[in-house]
Amino acid sequence: MSVKIAPSILAANFANLERELKMINASEADWFHIDIMDGVFVPNISFGMPVLAAIQKYAKKPLDVHLMIVDPDRYIETFSDLGAEILTVHYEACTHLHRSLEKIKSFGMKAGVALNPHTPVSSLSNIIQDIDLVCIMSVNPGFGGQFFIDNTYKKIQELKKLIKLNNSSCLIEIDGGVTNYNASELITCGANILVAGSYVFKAKNPTDNIKLLKNV
Ligand code: DX5
Ligand code: ZN
């Protein structure tokens, strides 16, 4: 399976969102990565439901929604209505993670779990069989444009082992500071999906950078 590229809309030009979405539609990108931040779980607020509804209207590729919010169970149904195909909650935000994942799947969505940089992969050893996607945060969640944390490579390798051991088909997504410099090592370690915000949207030619990541 070739690597999937998920441009993070957080870095897009919100004054020209329709144009940005159409650019992604026409590119080699696979998914739209949508970062929802509540200013409580992370020290930043991104955007909410009305913006996602606007995205849904134009996006022609799956919506990969990353919830950086406390108590995400309250909004699972809402995000399903807004077209999320993959819904990812944070391990650190869920007291009853198994219940949250079951609820996500009950709406027909793929269930993802994101791990903060300090959260060990082993935290998932008793739930890996219930997860469709693990998002390894390679920066501290909350902001785009940060530097990649090198310990991520080790975490991908550990996660890959855990997935194999459990005969699971769980996908590995990497989120934060992804560029053409680290992409090939991330893929070698076992990454299936690369999220990229600044590397795509702050580029002179975003379509070319998507192509570079896709064919690294
Ligand atoms: C960080 C978000 C990321 C971010 C990635 O909290 O989850 O998805 O937008 O942006 P870059 O690629 O600029 O690090
Ligand atoms: Zn994200």
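We count ligands from 1, going down the list as the structure has it; atoms in each ligand are counted the same way. Owing to the predicted nature of the structure, the values given are computational and were not obtained by experimental measurement.
With respect to Asp208 and Lys211, no salt bridge is recorded, no charged nitrogen being found less than 4.0 Å from a carboxylate O.
For Gly197, a nitrogen or oxygen atom sits less than 3.5 Å from a nitrogen or oxygen atom of ligand 1, counting backbone and side chain alike. Considering both main-chain and side-chain atoms, Gly145 comes within under 3.5 Å of ligand 1 through a nitrogen or oxygen pair. At under 3.5 Å, not a single nitrogen or oxygen of Tyr199, backbone or side chain, sits near a nitrogen or oxygen of ligand 1.
A side-chain donor from one of Asp35 and Ser8 sits under 3.5 Å from a side-chain acceptor of the other. For Gln129 and Asn167, the side-chain atoms include no donor-acceptor pair closer than 3.5 Å. Residues Thr119 and Glu92 bring a donor and an acceptor atom of their side chains to less than 3.5 Å of each other.
When all heavy atoms of Gln157 and Cys189 are compared, the pair lying nearest together is NE2-SG, 3.6 Å.
Closest protein heavy atom to atom 1 (C) of ligand 1: Phe143 O, 3.5 Å. Nearest to atom 13 (O) of ligand 1 among the protein's heavy atoms is Ser198 OG, 2.5 Å. Looking from atom 10 (O) of ligand 1 to the surrounding protein, the closest heavy atom is Gly144 CA, 3.7 Å. The protein atom (non-hydrogen) at minimum distance from atom 5 (C) of ligand 1 is Asp175 OD1, 3.6 Å. Protein heavy atom in closest approach to atom 14 (O) of ligand 1: Gly177 N, 2.8 Å. When hydrogens are left out, the protein atom nearest atom 6 (O) of ligand 1 is Gly142 N, 2.7 Å; that is the closest non-hydrogen contact.
Rounded to 10°, the angle formed at the Zn ion (ligand 2) by Asp35 OD1 and Asp175 OD2 is 170°.
In this structure, Tyr153 has its ring center closer than 6.0 angstrom to the ring center of Phe148. For Phe14 and Phe47, the gap between ring centers is short of 6.0 Å.
Residue side and main chain included, His66 places an N/O/S atom under 2.8 Å of the Zn ion (ligand 2).
For Ser8, every heavy-atom contact with ligand 1 shorter than 4.0 Å involves the side chain, none the backbone.
Residue Lys202 places no heavy atom under 4.0 Å from ligand 1. Residue contacts with ligand 1: Gly176 is included, with a non-hydrogen atom under 4.0 Å away.
In terms of hydrophobic clustering, with Ile, Leu, Val, Met, Phe, Trp and Tyr side chains grouped at heavy-atom distances under 4.5 Å, Ile174 and Phe201 are assigned to a common cluster.
Judged by distance alone, with hydrogens and angles left aside, the side-chain atoms of Lys105 form a donor-acceptor pair with the main-chain N or O of Asp130 at under 3.5 Å.
Below 4.0 Å from some heavy atom of His33 lie the following atoms of ligand 1, by number and element: 8 (O).
Taking the six-membered ring where tryptophan is involved, the planes of His90 and His66 are essentially parallel, since the angle between them stays under 30° and well short of 60°.
Comparing heavy-atom distances from atom 2 (C) of ligand 1 across Ile9, Ile34, Asp35, Val195 singles out Asp35 as nearest.
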